[in-house]
Visitor: 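First the structure, which I've put down as structure tokens, then a few questions once you've had a look.
Just so we're on the same page: letters track the sequence lines, and every chain starts at 1.
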Protein chains: 2
Amino acid sequence: MAEKRQVARTSAGRGQPPVTIYDVARLSGVSPSTVSRALNMPGRLSATTEKRIREVAEAVGYRLNPMARALPTGRTHTVGLLLAEMTNPVYLDLVRSVGRAATSRGYNLILAESVESGDPENETAQRLLNSVDGLILASTGLNNAQICTLAERKPLFVVNRKVRGVPGVVPDLVPGIRAALDHLGELGHRSLAYLAGPPTSWMSRHRASVLESEAGARGMTVSKVKRPVQGPGAGAAALREIEATGASAALVFNGLMATDLLGACQGAGVGVPSELSLVAFEDIFGAAFTSPPLTVIRTPLGSLGHEAARRLVAVLENEVDADATPLSTEFVLRGSTAPPRS
Amino acid sequence: MAEKRQVARTSAGRGQPPVTIYDVARLSGVSPSTVSRALNMPGRLSATTEKRIREVAEAVGYRLNPMARALPTGRTHTVGLLLAEMTNPVYLDLVRSVGRAATSRGYNLILAESVESGDPENETAQRLLNSVDGLILASTGLNNAQICTLAERKPLFVVNRKVRGVPGVVPDLVPGIRAALDHLGELGHRSLAYLAGPPTSWMSRHRASVLESEAGARGMTVSKVKRPVQGPGAGAAALREIEATGASAALVFNGLMATDLLGACQGAGVGVPSELSLVAFEDIFGAAFTSPPLTVIRTPLGSLGHEAARRLVAVLENEVDADATPLSTEFVLRGSTAPPRS
DNA sequence: GCAGGGGTGGAAACCGGTTGCCACTTCTTG
DNA sequence: CAAGAAGTGGCAACCGGTTTCCACCCCTGC
């Protein structure tokens with residue numbers, strides 16, 4: 001007789017227990033299945049009962065339990081965004097745009113940062129993967145094989161990296177790099193240096209390769225400078241390496257390293273742009289305020305995130321494959337370039 | 001006989017269906033409940049069966065289905081972070097620290113931004129609330145009543161705002177403001193202006209009030225300047241308002257507005273700090289690179305987020321109420337202040 | 001007058017875990 | 001040596017929805 005609840009609700013949520021479709025069903029004199037249909041199969045029921053049930057649901061403040069829905073359908077209406085590390089302020093844009101694109105289609109965003117590298121990141125990805133319907137990977141340290149394995153389990157998009165067999169969103173580097181090299185060429189630079197990013201970064205290698213081919217086409221040379229170990233003194237170390245190449249202009253993997261390098265230049269009395277021209281990849285907030293303001297090749301990370309999320313949701317909703325909109329880099333001329341020192 | 005699956009799995013996830021505890025149970029010759037106990041009630045079973053089950057689970061690659069667990073327990077192991085708008089780069093710190101604190105305790109982070117204001121934000125909050133175990137509100141446009149209503153449903157923490165009856169995390173403004181005013185006082189400033197933030201911002205009002213009382217104690221006056229409508233020209237408008245007050249130094253609600261104002265000063269030929277001293281609340285990335293570099297009162301948003309998440313999880317885990325660690329603002333002297341013009 | 005078809009709504013299985021209760025052993029202990 | 005306690009593990013209910021059948025009703029059309 002006595003209905004004893006076997007499973008105790010957690011005491012975390014104070015207040016009365018949430019109202020379920022069973023409550024709504026009882027109150028409107030129909031069966032639970034009918035309530036379910038009224039709420040998400042418009043037209044399946046007679047207009048009058050549908051309306052009545054809707055009103056009752058509204059009146060008693062019914063709210064769907066996403067977990068309960070997820071169990072039978074297997075769909076959580078959630079997308080995951082995995083970042084290896086997001087110290088770089090540009091990621092704010094990425095996170096925002098992915099979040100907005102997701103919520104605009106009724107999806108929630110689960111954000112995960114795997115500060116650790118290697119296996120832990122894979123572990124994080126695996127865990128994340130069974131809480132979400134689809135995953136977006138950005139700035140990942142995972143290798144291609146790991147990414148492919150993940151992609152077999154759930155729809156997945158990679159941002160800023162190309163992995164064979166896995167859909168990805170990558171901007172076209174050529175326009176930005178061409179404009180930058182044209183500009184540097186007109187100023188008279190012939191010998192350039194590229195300060196690379198982390199060795200695991202596909203994008204860093206990609207930039208180096210585009211840089212090299214475009215520079216070659218213009219009769220310029222590019223020396224690749226490995227990124228020094230990060231931390232205090234990294235900027236100064238990078239500066240020494242760059243000077244050792246004899247380059248008159250440097251292209252820097254990202255805005256953070258560029259501001260760091262700029263600081264090192266000031267500390268070492270190296271004039272920018274009088275003695276060394278600087279062009280940074282990525283237009284971080286603040287790049288316009290440095291002195292001199294940084295000339296950059298802007299990567300549209302916001303658009304990349306939006307695009308990735310948009311296409312991911314399209315896949316999740318079984319829509320005809322959303323055609324990829326092409327995304328491009330853009331050269332933004334500010335003040336950190338000048339003709340080489342005679 | 002024929003076991004027909006009534007509920008079709010979505011086709012989204014390719015590959016074989018995930019392995020469940022039923023599979024593990026069958027493979028190790030025990031009942032599903034025993035598997036459940038083996039996996040999350042260490043010691044409840046005999047050591048040998050527990051070990052055997054664990055090995056089988058590991059071997060077949062069993063992964064818990066979080067949704068299935070959430071249904072009976074009511075716990076999703078997820079915390080929500082709701083931001084009204086996160087155009088401000090300082091929020092990256094907040095998001096990261098909340099995310100880290102959450103994942104370090106085994107919780108996922110669901111991030112939501114409600115760009116709209118008013119009711120839509122409340123709607124977002126309500127929806128978010130039944131996907132998570134607890135919620136953190138930052139920079140919210142919600143009113144106190146709405147926040148209290150939310151707090152009745154699930155554990156909730158507010159960041160950078162005080163709401164009666166709802167736990168919150170707010171830094172102590174006094175140290176930062178005292179140091180700033182002492183500094184300005186020594187330089188000889190007597191008449192200050194406070195460029196306020198959005199009228200809905202509790203923190204803006206709080207800063208104004210602390211500013212006023214501390215200034216009064218030093219024989220200084222503070223004129224409150226309302227924030228002009230944002231957009232191009234906002235900085236110039238703010239500058240005119242500030243000049244109209246006759247103040248020789250201005251304190252600005254946040255770093256974004258401060259860099260904007262700084263740009264307007266440069267545009268209008270107003271020397272900073274020679275003609276107008278500037279102090280910004282919030283130490284945004286880039287504030288150190290402006291010219292002159294911005295002197296700021298730093299708000300430890302990262303620590304605030306960490307603290308909020310830490311205490312929230314403590315509540316969710318029914319731990320003895322974690323004692324709040326006091327958080328304080330800090331004055332960072334850079335280059336945007338000088339003695340008043342004669 | 002009756003077969004057939006569309007419109008409505010209910011019963012019940014199921015998703016994959018968790019947990020209260022109980023039965024059966026095995027070990028203490030008086 | 002009997003009684004009670006502790007240790008093990010199975011049964012089955014339950015969380016809150018979704019979805020497949022199916023039954024029933026009413027309306028057509030021949």
Visitor: Once you round it to whole Å, what is the distance between P of D/dG10 and CZ of B/R26?
Guide: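 Checked: the CZ to P distance equals 15 Å.
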Visitor: Among residues at least two apart in sequence or on other chains, which ones pass salt bridge (Lys or Arg N to Asp or Glu O under 4.0 Å) with A/R69?
Guide: none
Visitor: Is there side-chain contact between A/V24 and A/V60, with at least one heavy-atom pair below 4.5 Å?
Guide: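 Side chain of A/V24 against side chain of A/V60, heavy atoms only: contact under 4.5 Å found.
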Visitor: With sequence neighbours left out, write down each residue that passes side-chain contact (heavy atoms from CB on, under 4.5 Å) with A/T87, or none if nothing qualifies.
Guide: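 Residues passing side-chain contact (heavy atoms from CB on, under 4.5 Å) with A/T87: A/E85, B/R96.
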Visitor: Rounded to whole Å, please give me the gap between CG in A/L71 and C1' in C/dC15.
Guide: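 So the two atoms are 4 Å apart, to the nearest Å.
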Visitor: Looking only at non-hydrogen atoms, find the nearest pair between A/A25 and A/P32 and report the distance.
Guide: CB-N, 3.6 Å
Visitor: Applying side-chain contact (heavy atoms from CB on, under 4.5 Å), name anything that partners A/T200, two or more places apart in sequence or on another chain.
Guide: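 Expected list: A/P198.
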Visitor: Any luck finding a side-chain donor-acceptor pair between A/D133 and A/T76 under 3.5 Å?
Guide: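 Side chains of A/D133 and A/T76: pair found under 3.5 Å.
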Visitor: Holding to ring pair (Phe, Tyr, Trp, His ring centres under 6.0 Å), I want the full list of residues that pass it with A/F157, two or more places apart in sequence or in another chain.
Guide: none
Visitor: Distance check needed: D/dG17 P versus A/I21 CD1, whole Å only.
Guide: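 Atom-to-atom, A/I21 to D/dG17, this comes out as 5 Å.
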Visitor: Where each residue is assigned the nucleotide of DNA chain D containing its nearest heavy atom, which of B/G43 and B/A68 is assigned the position nearer the 5′ end?
Guide: B/G43
Visitor: With the threshold set at under 4.0 Å for non-hydrogen atoms, list the residues of residues 34-41 of chain A touching DNA chain C in residue-number order.
Guide: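 Only A/T34, A/R37 qualify.
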Visitor: Should B/S33 be listed as having a side-chain N or O under 4.0 Å from OP1 or OP2 of D/dA12?
Guide: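 So the side-chain polar atoms of B/S33 never come under 4.0 Å of the phosphate oxygens OP1 or OP2 of D/dA12.
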Visitor: Are OP1 or OP2 of D/dG7 and a side-chain N or O of B/S46 less than 4.0 angstrom apart?
Guide: no
Visitor: Under the salt bridge (Lys or Arg N to Asp or Glu O under 4.0 Å) definition, can you give me all pairs with a residue in residues 23-35 of chain A, not counting sequence neighbours?
Guide: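 Applying salt bridge (Lys or Arg N to Asp or Glu O under 4.0 Å) to every pair that reaches into residues 23-35 of chain A, excluding sequence neighbours, yields A/D23-A/R26.
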Visitor: Given D/dT18, C/dG9, D/dG10, identify the nucleotide with an atom nearest to the side chain of A/L45.
Guide: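 Of all the options, the side chain of A/L45 is nearest to C/dG9.
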Visitor: For A/S31 and C/dG10, is the shortest distance between a side-chain N/O and OP1 or OP2 below 4.0 Å?
Guide: yes
Visitor: What is the separation between atom CG on B/N65 and atom P on C/dC15, rounded to the nearest whole Å?
Guide: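 For the pair B/N65 CG and C/dC15 P, the rounded distance is 12 Å.
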Visitor: Sequence neighbours excluded, which residues qualify as side chain to side chain donor-acceptor pair (under 3.5 Å) partners of B/K162?
Guide: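 Result, side chain to side chain donor-acceptor pair (under 3.5 Å) vs B/K162: none returned.
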Visitor: Take atom CE of A/M67 and atom C1' of C/dT18, then tell me their distance rounded to the nearest Å.
Guide: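 That distance rounds to 16 Å.
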Visitor: So how far off straight is the helix from C/dG1-D/dC30 to C/dG30-D/dC1, going by the axes through five pairs at either end, to 10°?
Guide: 50°
Visitor: Taking OP1 and OP2 of C/dG9, is either one under 4.0 Å from a side-chain nitrogen or oxygen of A/T49?
Guide: yes
Visitor: Any salt bridge (Lys or Arg N to Asp or Glu O under 4.0 Å) pairs touching residues 101-110 of chain B, not counting sequence neighbours?
Guide: B/R105-B/E319
Visitor: Round to a whole Å and report the spacing from CG of B/L64 to P of C/dG16.
Guide: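 Rounding to the nearest Å, CG of B/L64 and P of C/dG16 are 12 Å apart.
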Visitor: Output the single nucleotide from D/dT18, C/dG16, C/dG9 whose closest atom is nearest the side chain of A/R69.
Guide: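 My answer, after comparing the listed nucleotides, is D/dT18.
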Visitor: Identify all pairs in which a protein N or O lies below 3.5 Å from an N or O of nucleotides 22-28 of chain C, and state each distance.
Guide:
none

Visitor: Only pairs under 3.5 Å count here: list side-chain donor-acceptor contacts from residues 41-48 of chain B, not counting sequence neighbours, and write none if there are none.
Guide:
| from | atom 1 | to | atom 2 | distance (Å) |
| --- | --- | --- | --- | --- |
| B/S46 | OG | B/T48 | OG1 | 3.4 |
| B/S46 | OG | B/T49 | N | 3.4 |
| B/S46 | OG | B/T49 | OG1 | 2.6 |

Visitor: Quick one: B/N130 CG to D/dG16 P, roughly how many Å, whole number?
Guide: 12 Å
Visitor: Distance check needed: C/dG17 P versus B/Y22 OH, whole Å only.
Guide: 8 Å
Visitor: Can you sort out the partners of A/N88 under side chain to side chain donor-acceptor pair (under 3.5 Å), two or more places apart, ordered by chain and number?
Guide: A/E282
